[in-house]
Protein chains: 2
Amino acid sequence: MRNTSQRELVYKVVMQSSDHPGADAVYERARKIMPKISMGTVYRNLKQLAETGKIREIRISDNYNRYDKTLQVHAHFCCRVCGKVTDVPVEGGIKGPGSGFGGKLESTDILFGGVCEECIVCGKEGA
Amino acid sequence: MRNTSQRELVYKVVMQSSDHPGADAVYERARKIMPKISMGTVYRNLKQLAETGKIREIRISDNYNRYDKTLQVHAHFCCRVCGKVTDVPVEGGIKGPGSGFGGKLESTDILFGGVCEECIVCGKEGA
DNA sequence: GCTTTAATAGTAATAGTTACTGATAGCAAA
DNA sequence: TTTGCTATCAGTAACTATTACTATTAAAGC
């Protein structure tokens, strides 16, 4: 894998983002530094960085991939009102499949949904 | 919501499937009973049934929605070799966000990834 | 510097899903 | 039962996120 300035930038953008950005958001942020970078390059590098374990790809209920700088296994909470995604701890820690599971566990993704504290306080939680 | 034969069929197909089918698989199975049913109808009804809580929409790391007849909160395991999705128990039961979370929890999705027992036994687990 | 070739910009293509349109049929009231 | 309203349907076009393609560019080793 060659060390190109584009790949380095995509990586840096993800590492500096704590809001779990999608490819479009990474593209917008990268364009501010390198205006000629192309969307395809962003997609390719995000995928490649995720495959090599440099960043993490996460999947929320909206229909696009998001990227996460945090590599260790952790849970996410996605607010259905404001759409914000945040890291949250899990009560008692994150556990694997219970007894009876004979496969090989390689990844764990936990996603909570609901309304975040901020939206409740502002009274935006809706019906 | 009107009780149409198409909607009833889509619902029945999901209820009779234990393999967490995607829209295309539901379409194929529905076509065997009602050959003129359209893809759009399948999509619309799956979405509507999920929104009204009759079935559950789940999201695996491959890029399409799957549907689940089981309404109660449960975890899934997706084998990266054969692609099969199965229900699995979680060690110690399924927990919510830990203390410090002040929002409203409405949904929990847990997805394990790896290689299933069957693929390990058959020696298909790859590198 | 020169060569090799992975990676790039730009664009076309794909896949899953949703929206649109005229026709159909479920349901309620007459 | 018949009529009217309109949600839903089949069929198709459109849309969005993502991937593939192609000529060009630029890392990295010699």
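To find a chain, count down the sequence lines: A is the first, B the second, and so on, and within it residues start at 1.
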Inset, instruction - Using atom types as modelled and distance alone, determine if a side-chain donor or acceptor of B:R56 lies under 3.5 Å from a backbone N or O of B:D68. - result: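 It does not hold such a pair.
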Side chain of [X] (C-beta onward), nearest among [options]:
X: B:Y43; options: C:dT8, C:dA9, C:dT18; value: C:dT18
X: A:M1; options: C:dA9, C:dA7, D:dC9; value: C:dA7
X: A:N63; options: D:dA10, D:dT18, C:dT17; value: C:dT17
X: B:R7; options: C:dT8, D:dC9, C:dA9; value: D:dC9

Inset, instruction - Would you name the heavy atoms of B:S5 and B:M34 that are closest together and state the gap between them? - result: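 Closest approach of B:S5 to B:M34: OG-CE, 3.6 Å.
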Inset, instruction - Give B:D24 one of three labels, base, sugar-phosphate or nothing, depending on what nucleic acid heavy atoms sit under 4.0 Å from its own. - result: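 The residue B:D24 makes no contact with any strand.
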Atom-pair distance ([atom1] on [X]; [atom2] on [N]), nearest Å:
X: A:Q48; N: D:dT18; atom1: CD; atom2: P; value: 17 Å
X: A:L46; N: C:dA7; atom1: CG; atom2: P; value: 15 Å
X: A:N3; N: C:dA7; atom1: CG; atom2: C1'; value: 12 Å
X: B:Y27; N: D:dT12; atom1: OH; atom2: P; value: 11 Å
X: A:Y67; N: D:dA17; atom1: OH; atom2: P; value: 13 Å
X: B:I37; N: D:dC9; atom1: CD1; atom2: P; value: 8 Å
X: A:M34; N: C:dA7; atom1: CE; atom2: P; value: 15 Å

Legend entry - More than 12 heavy atoms from other groups under 6.0 Å of CD on B:Q48: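 Enclosed: over 12 neighbouring heavy atoms sit under 6.0 Å from CD of B:Q48.
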Inset, instruction - Inspect the surroundings of CD in A:E118 and state if more than 12 heavy atoms from other residues, nucleotides or ligands are less than 6.0 Å away. - result: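 Counting other residues, nucleotides and ligands, CD of A:E118 stays at 12 neighbours or fewer.
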Inset, instruction - Determine: side-chain N/O of A:T41 to OP1/OP2 of C:dA9, distance under 4.0 Å, yes or no. - result: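 Answer is yes, contact under 4.0 Å.
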Inset, instruction - Taking only the side-chain nitrogens and oxygens of A:Q6, find out if one of them lies under 4.0 Å from OP1 or OP2 of D:dA26. - result: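 It does not, given that no N or O in the side chain of A:Q6 lies less than 4.0 Å from OP1 or OP2 of D:dA26.
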Legend entry - Pair of N/O donor and acceptor under 3.5 Å linking C:dT5 base with A:R2 side chain: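 Yes, the side chain and the base share a sub-3.5 Å donor-acceptor pair.
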Inset, instruction - For B:G40 and for A:N65, find the nucleotide of DNA chain D with the closest heavy atom, then tell me which residue's nucleotide is more 5'. - result: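 The residue closer to the strand's 5' end, by nearest nucleotide, is B:G40.
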Legend entry - Closest-nucleotide ordering on DNA chain C, the 5'-leading residue of B:M39 and A:N45: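 In this pair, the answer is A:N45.
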Legend entry - Lys/Arg-Asp/Glu bridge criterion (N-O < 4.0 Å) met for B:R59, A:D109: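 No, no charged N to carboxylate O under 4.0 Å.
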